[in-house]
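So that the names make sense, note that chain A is the first sequence line, chain B the second, and so on, each numbered from 1.
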Amino acid sequence: MIRLEAVLKSYHGRPALRGISTHIERSEFVFLTGPSGAGKSTFLRLLYRAELPDDGRIVVDGYDLAALPRRHVPGFRRRLGVIFQDFKLLRRRTVGENISFVLSLLNLPEKEQQRRAYLALKQMGLHNRLNALPDELSGGEQQRVAIARALVLQPDLILADEPSGNLDPERGHELMELLKSINYQGTTVVVATHDRSLIEAHPARTLALERGHLVRDAWGAQP
Amino acid sequence: MNLHGWREVKRQVRESGAAGVAAILMVAVATAWAGLLWTLHGWVHRELLGHNQASTVVAVLRDPAAATSLTSALEARPGGRRFTLSRPRQVQAELAGWFPELATVLLALDEPSFPAILKVEAAASDSASLATWLAGRPEVAVVKSSTQWQERLERTLRRVVTLGFVLAAALLGGCLVVVLLVVRLLVLDHADEIAIMRLIGARERDIRLPYVVLGLALGATGSLLGVLALLGLDLALKASFPALALGTELLIVLPLGGAGAGAGGAAFGLLAIPKEP
């Protein structure tokens, strides 16, 4: 599903990832961990092609991202579900519109968009905030809207950047259970987190980054 | 465009605020001005210059006695035309009628002091060749054709009308710039949102189309207001100037022009959107 070969990425001459090579199989659940500044977010940004590597090769779901023409990028991104650390909700649109917008990109009928948006929000316990604007929600509620938006397209790959960062521990574990259940259905899930307790509670393959290097690829939390 | 696109256009119309209203008013003024100018231009050509009407060629004779040979030659020329010959006495009386303050002097002069004048009515297309033919006749001293002053008037009018249309085009260009600035400001204001839309898989067309529709709507609304103003003016002036008719083609061309300027402005405004890596 995901293959990285000697990937290098730096910002203004400062390396963020140094020669990362790894692969993630289809239907795998993988934690990406490491301290702040280790390169977790950069790793994910490269996977959804918000950035291009300075060197090396990244293949996601059969797409060679460095060679992917710009016009094919939206289609590629619609195959992913990305949960952003800072939510990235559309501030001028209601919660319902935030969800149905991604469905509209698939040219689904309006009624179907509304139905699916409602169900996705109901799953997150937010169906009563359908007409609220994101700024009227708490941080945790915004995070859940962002999760609903990522899941509503039933993607083959979910990339989550600190998805539990704004949730209380109970909600965080609920979210991990949800991502696990989605993973059991065959969806590949990559979760970037620095929350050790989350990895301990939901053991899975863990890639540990440190100063841009991949320092560990093992099962469960670091001993 | 789907429902999300239309909702986005609605939001953008609201957000464009005073700048959007200014753009609409500018387009309205530009289109009304262009329409008015085109109508006046048509009226001057149709009614004042009368290209399709008969023109008059006037010949001043050297010797009144030669009038008979000239009129015979004119009658023999192919293409029958009406003419009137004013004898010196008639010319004298006519001039005295035109200039009453000089009438006493004019009427005191001898009859031979006045020439005989031949006025020939010809089709506009024939007047130039007729004037050349008359000028070549030995009986004729001077030839003047009404098309000569018509041409002079037309040249002057053409310059004025060209200037007017340049002004209309400049106004329309101004509209384009105003719409461009409105869209550019909106795009800059929505930069974060546009980036997010891209990250969740929106196509460029999903992002850009609402802005183009906004520009088109601003232009079309303005030009429709301009057309309405023209129709109002047409209705008000119909009684006094029945010949000053608003062309139906304007009712199609002006809104299209306004909408085109709006859409063009929006397209240029969208150049402010940063490109994907």
So if I take each residue of residues 117-129 of chain A and look for any heavy atom under 4.5 Å from a heavy atom in chain B, which residues do I end up with? none
Spacing of B/H4 atom NE2 and A/L90 atom CG [to the nearest 0.5 Å]: 10.0 Å
Does a salt bridge link A/R92 with B/E8, judged by any charged N lying under 4.0 Å from a carboxylate O? yes
Side-chain contact, heavy-atom cut-off 4.5 Å: A/V82 with B/L199? no
Name the region of A/F101, side chain, backbone, both or neither, that has any atom closer than 4.5 Å to a heavy atom of chain B. both
Decide yes or no for B/I200 and A/R77: does some side-chain heavy atom of the first lie under 4.5 Å from some side-chain heavy atom of the second? no
Whatever's closer than 4.5 Å to a heavy atom in chain B on A/L80 counts as neither
Is atom CZ of A/R91 surrounded by more than 12 heavy atoms (other residues, nucleotides or ligands) closer than 6.0 Å? yes
Please check if atom CZ in B/R184 has more than 12 non-hydrogen atoms from other residues, nucleotides or ligands closer than 6.0 Å. no
Nearest-0.5 Å distance, CG of residue B/D206 to OG of residue A/S104: 6.5 Å
Donor-acceptor pair, side chain of A/R78 and main chain of B/G201, under 3.5 angstrom: yes
Report which part of A/E110 has an atom under 4.5 Å of a heavy atom belonging to chain B: side chain, backbone, both, or neither. side chain
Proximal component of A/R71, with respect to chain B [non-hydrogen, under 4.5 Å]: neither
Residue list, side chain to side chain contact (heavy atoms under 4.5 Å, CB included) with B/V187, at least two apart or on another chain: B/V183, B/I194, B/Y211, B/L270, B/A272, B/I273
Across all chains, not counting sequence neighbours, the side chain to side chain contact (heavy atoms under 4.5 Å, CB included) partners of B/V27 are B/T31, B/C175, B/S223
How about B/F268: does its CZ atom have over 12 heavy atoms from other parts shown lying under 6.0 Å from it? no
Hey, could you give me the CD1/CG distance between B/I196 and A/D86, rounded to the nearest 0.5 Å? 7.5 Å
I'd like to know if A/K88 pairs up with B/E193 as an ion pair, taking the criterion as any Lys NZ or Arg NE/NH1/NH2 lying under 4.0 Å from an Asp or Glu carboxylate oxygen. no
Does any heavy atom of chain B fall under 4.5 Å from the side chain of A/F76, the backbone, both, or neither of them? neither
Residue pair B/R198 / A/P74, side-chain heavy-atom distance below 4.5 Å: no
Under the side chain to side chain contact (heavy atoms under 4.5 Å, CB included) test, residues paired with A/Q85 that sit two or more places apart: A/S41, A/D161, A/E162
What heavy-atom pair brings A/L105 and B/R203 nearest, and what distance separates the two atoms? O-NH2, 3.1 Å
Please say whether more than 12 non-hydrogen atoms of neighbouring residues, nucleotides or ligands are located less than 6.0 Å from OH in A/Y11. yes
